[in-house]
Q: 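Let me give you the structure first, and then I'll get to my questions.
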Amino acid sequence: MSRHVKLVMMTGLLVLTGGFLQISPGGKRSDTTDRLRSADHALPLTESADNADRAIRQVTDLFGPEEAYARRGFGGFRSSRSLWNRRSSFGRRSPFSRRSSTTATRQTPARSTGQSATAARSTSTRQPSATAARSTRAGGAVSGASTGRATARSSTMGRRVQSETARSSLATHQSRQAGFARSSNSAANTSSYRDNALYNRGSQNRTSYDNYYAGRDRYYGGMGWGAPGYAFMSYPSFGMWDALFMWSMLDMMSSRRHYAVAHHHANDPGYKEWRGEAERLAEDNAELRAKLDELDKQVATLEGTPRDPNYLPPGVTPAIALAAEVVATADPNQPRITVNTGVENGNYHRFGQILQSHLPDFDVMLETTAGSEENLNNLVQNQVDAILVQSDILNSYLRKNPGAEDQLVGLQSTLYTEYVQLIVNEDGGIASISDLEPNTHIVYVGPRGSGTHRAWEGFVLQDPRYGEFNTRFASYDEALRQVAGNAGSVMLFVAGLNSELLKEADSQYGSQLSMVAVDEHYFSTAVDQFGNTIYEVATIPHETYPELQEGWLFGYLDSSVETLTVDAVLILSKRWVDTYGSKPMTLFEDALWRSMDDIKPIVGEE
């Protein structure tokens with residue numbers, strides 16, 4: 001229902017009731033209106049302050065002073081214990097031989113213990129922080145997030161020299177790249193080559209850009225080879241390959257070991273890209289055309305030879321054959337961390353970008369993915385250092401893959417809250433998820449493998465009835481169109497508040513769609529394998545999405561929607577912690593705290 005129609009109807013109601021909500025002659029609000037104010041707003045200022053102090057004291061008593069201040073957001077007192085606030089497999093034996101995770105049951109009443117959910121999730125009273133156990137830091141002061149830790153054991157002059165050297169190295173790289181007619185960043189896309197042993201060997205021990213180009217110049221200079229002009233009319237790299245390595249092959253036809261590169265890597269996407277560019281340039285270059293024909297002739301003699309995807313000519317190292325972005329960096333002393341986020345326009349990737357901005361002294365590689373399941377698979381296979389996942393998907397993943405627990409060893413931190421949001425057709429007569437019927441309604445659960453898709457599978461684990469529904473995979477945009485046109489269709493969407501997707505839906509489909517309650521309260525009794533609560537009961541605040549949320553009295557009064565929430569969780573691999581030690585870990589924790597502060601207003605938590 002549009003807001004204009006609501007306004008007209010409400011005005012008519014006021015006229016018909018003779019001004020039931022009266023305003024006194026002096027312009028003061030009536031008692032009726034005052035009763036609509038919240039209790040918090042009605043408290044005198046001094047009473048509100050007293051309540052705030054009392055709440056702080058209660059939290060302090062619960063967690064201890066240091067952790068209490070951390071949870072209030074005072075960065076100088078934040079601790080590792082309160083950052084890595086989820087129990088995980090870090091340092092624990094597998095629990096699967098003893099018990100599986102608790103599944104919610106409809107007969108189980110809502111929790112009635114006085115313990116807060118936050119306290120239940122904290123590891124502070126159950127086991128020592130993994131970070132604290134491994135760190136060489138001493139005393140409470142070093143737990144602070146922004147009290148000078150970034151410069152510990154490093155002089156200002158030393159950092160300045162290091163920074164200037166890195167800037168000079170980067171300038172060298174940029175100057176060399178500018179000599180090519182086209183630019184490409186495909187060499188830095190680790191997701192294309194993460195399973196390639198040659199790529200991984202080259203990227204493990206990276207040198208500076210200055211050293212890289214000096215070594216490359218010595219190699220080709222020692223051979224007496226100079227790059228022809230056409231080599232600079234295209235890209236500086238092709239996939240993981242350096243352009244000069246590919247072009248040099250055409251001038252070494254007398255060496256079987258060099259033209260064999262074209263045979264062994266014929267199916268490599270970078271080689272195919274180079275060959276396509278070479279064919280384009282050869283259209284008006286007879287010399288290049290002749291060289292390509294000779295290459296094909298020589299490669300044909302290798303027909304039947306097994307292809308070796310790790311082949312390089314004898315004497316050629318990855319530092320020569322591979323692109324600068326693969327084997328070099330402006331500052332090889334930078335800690336390198338690869339983070340799997342999510343879809344490019346989602347909150348996970350947005351958080352990754354915020355985290356990256358707070359780690360200027362790190363080499364941060366952000367990789368977009370289809371979502372939580374892909375991230376978990378990559379962490380299990382040691383292909384990334386940190387991932388973002390939904391807490392419920394982590395639970396269901398471990399239940400389906402109990403053998404993966406040892407590979408998921410790491411630190412887990414709750415970043416922010418994600419809401420289960422159910423969108424229905426306004427004419428469908430659906431007031432909550434309980435109104436859905438398996439034989440009547442179609443549930444769109446996002447793209448296959450997405451966080452929402454796996455969240456629905458989590459619902460099935462809690463209540464097999466949800467497994468009877470007809471679900472469909474589609475992009476969220478397509479799902480919204482389908483639900484707007486079909487009263488029997490609904491869409492599930494799990495994300496933080498203020499998502500761009502639902503903001504656009506609110507504007508475009510507000511008169512056709514509604515957001516309704518996900519009132520499965522008994523889900524909140526479920527815990528995962530480590531005792532973390534999987535779901536919490538919560539409400540989507542009034543007018544978060546004004547057109548999608550229908551309040552009473554034509555939508556002008558409370559339009560909050562009851563639902564369930566899960567956590568957005570960052571998992572940092574133990575392997576990365578062990579590799580870099582306590583100092584980079586301290587800097588990473590600082591950045592993570594700041595990033596959590598920055599993301600909260602974006603996802604509606606402030």
Side-chain angles (χ1 to χ4, degrees), residues 154 158-180 183-194 196-223 225-227 231-232 235-248 261 265 268 270 310-339 356 359-367 382-385 575-576 578-581 583-584 587:
S154 177
R159 289 177 61 81
R160 184 181 303 158
V161 171
Q162 183 178 356
S163 177
E164 290 174 356
T165 302
R167 282 197 295 269
S168 174
S169 181
L170 181 60
T172 298
H173 175 60
Q174 292 171 335
S175 175
R176 293 293 190 109
Q177 298 277 294
F180 291 82
S183 61
S184 171
N185 62 358
S186 62
N189 184 7
T190 60
S191 61
S192 300
Y193 285 100
R194 62 161 56 100
N196 187 292
L198 187 58
Y199 179 99
N200 291 327
R201 181 156 59 97
S203 62
Q204 276 180 351
N205 298 304
R206 302 202 297 171
T207 185
S208 70
Y209 285 128
D210 284 334
N211 289 340
Y212 168 79
Y213 287 109
R216 192 181 70 173
D217 292 346
R218 285 194 300 271
Y219 173 78
Y220 291 118
M223 296 174 57
W225 181 78
F232 298 97
Y235 299 103
S237 60
F238 299 93
M240 70 176 180
W241 302 99
D242 178 59
L244 297 193
F245 176 70
M246 287 295 177
W247 293 115
S248 68
V261 170
H265 299 288
D268 181 276
N310 300 317
Y311 177 82
L312 286 178
V316 177
T317 67
I320 297 299
L322 303 187
E325 294 90 344
V326 177
V327 296
T329 179
D331 184 359
N333 295 316
Q334 285 183 313
R336 188 181 193 187
I337 184 167
T338 303
V339 183
Q356 185 179 44
L359 289 168
D361 296 327
F362 281 53
D363 182 9
V364 182
M365 305 288 290
L366 299 180
E367 294 184 355
N382 289 326
Q383 294 175 348
V384 294
D385 304 306
R575 180 171 51 91
W576 188 90
D578 290 342
T579 298
Y580 290 104
K583 183 178 177 181
L587 299 178

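Computed from a predicted structure; not experimentally measured.
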Q: Check P584 against F362 and note the closest heavy-atom contact, atom names and distance.
A: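 Result for this residue pair: O-CZ, 3.4 Å.
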
Q: List in chain and number order the residues that pass ring pair (Phe, Tyr, Trp, His ring centres under 6.0 Å) with Y209, two or more places apart in sequence or in another chain; answer none if no residue qualifies.
A: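 Here the qualifying residues are H173.
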
Q: For the backbone of R336 and the side chain of W576, can you confirm whether one donor and one acceptor N or O come within less than 3.5 Å of each other?
A: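 Present.
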
Q: Nearest 0.5 Å, please: how far is CE in M246 from CH2 in W241?
A: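 If I round to the nearest 0.5 Å, the distance is 5.0 Å.
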
Q: Check side-chain contact (heavy atoms from CB on, under 4.5 Å) between V261 and all other residues, then give those that pass, not counting sequence neighbours.
A: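 By the side-chain contact (heavy atoms from CB on, under 4.5 Å) rule, V261 matches F245, M249, H265, Y311, P313.
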
Q: Restricting to non-hydrogen atoms, name the atom on G202 and the atom on V327 that form the minimum distance, rounded to 0.1 Å.
A: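 Nearest pair, atom of G202 first, then V327: O-CG1, 3.3 Å.
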
Q: Looking only at atom types and distance, does a side-chain atom of N200 sit under 3.5 Å from a main-chain N or O of N196, one as donor and one as acceptor?
A: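 Confirmed, N200 side chain pairs with N196 backbone.
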
Q: Do L312 and L198 touch side chain to side chain, with heavy atoms closer than 4.5 Å?
A: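 Side-chain contact under 4.5 Å: yes.
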
Q: Suppose we screen for side-chain contact (heavy atoms from CB on, under 4.5 Å). Which residues come up paired with S175, at least two apart in sequence or across chains?
A: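 S175 satisfies side-chain contact (heavy atoms from CB on, under 4.5 Å) with no other residue.
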
Q: Please find the pair of heavy atoms, one from L244 and one from A227, that lie closest to each other, and give the distance.
A: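 Shortest heavy-atom contact: CD2-CB, 3.8 Å.
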
Q: For D217, what residues pass the side-chain contact (heavy atoms from CB on, under 4.5 Å) criterion, not counting sequence neighbours?
A: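 In terms of side-chain contact (heavy atoms from CB on, under 4.5 Å), with neighbours along the sequence ignored, D217 is linked to R176.
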
Q: Does the side chain of D242 come within less than 4.5 Å of S237's, by heavy atoms?
A: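 No. Closest side-chain heavy atoms not under 4.5 Å.
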
Q: Passes side chain to side chain contact (heavy atoms under 4.5 Å, CB included), M365 versus V339? Steps please.
A: CA-CA 6 Å; M365 305 288 290; V339 183; over 6 Å; no

Q: Starting at OH of Y212, measure out to CG of L322 and round the result to the nearest 0.5 Å.
A: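 One finds 7.5 Å between OH of Y212 and CG of L322.
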
Q: Quick test of your reading: applying ring-ring contact (aromatic ring centres under 6.0 Å, His included), list the pairs with at least one residue in residues 316-339, sequence neighbours left out, ordered by first then second residue.
A: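 Those involving residues 316-339 do not exist here.
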
Q: Can you list everything that forms a side-chain contact (heavy atoms from CB on, under 4.5 Å) with A243? Sequence neighbours excluded, please.
A: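 Only F180, F238, W247 meet the side-chain contact (heavy atoms from CB on, under 4.5 Å) criterion with A243.
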
Q: Between atom OG1 of T172 and atom CG of D210, what is the distance when rounded to the nearest 0.5 Å?
A: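 T172 OG1 to D210 CG: 4.0 Å, rounded to 0.5 Å.
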
Q: Looking at every heavy atom in both I320 and R216, which two are closest together, and how far apart are they?
A: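 Nearest pair, atom of I320 first, then R216: CD1-CA, 3.9 Å.
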
Q: Flag the pair Q383 / T338 as yes when at least one side-chain heavy-atom distance between them is below 4.5 Å, and no otherwise.
A: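 Heavy-atom side-chain distance check fails, nothing below 4.5 Å.
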
Q: Quick check: do E325 and Q177 have side-chain heavy atoms less than 4.5 Å from each other?
A: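 In contact.
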
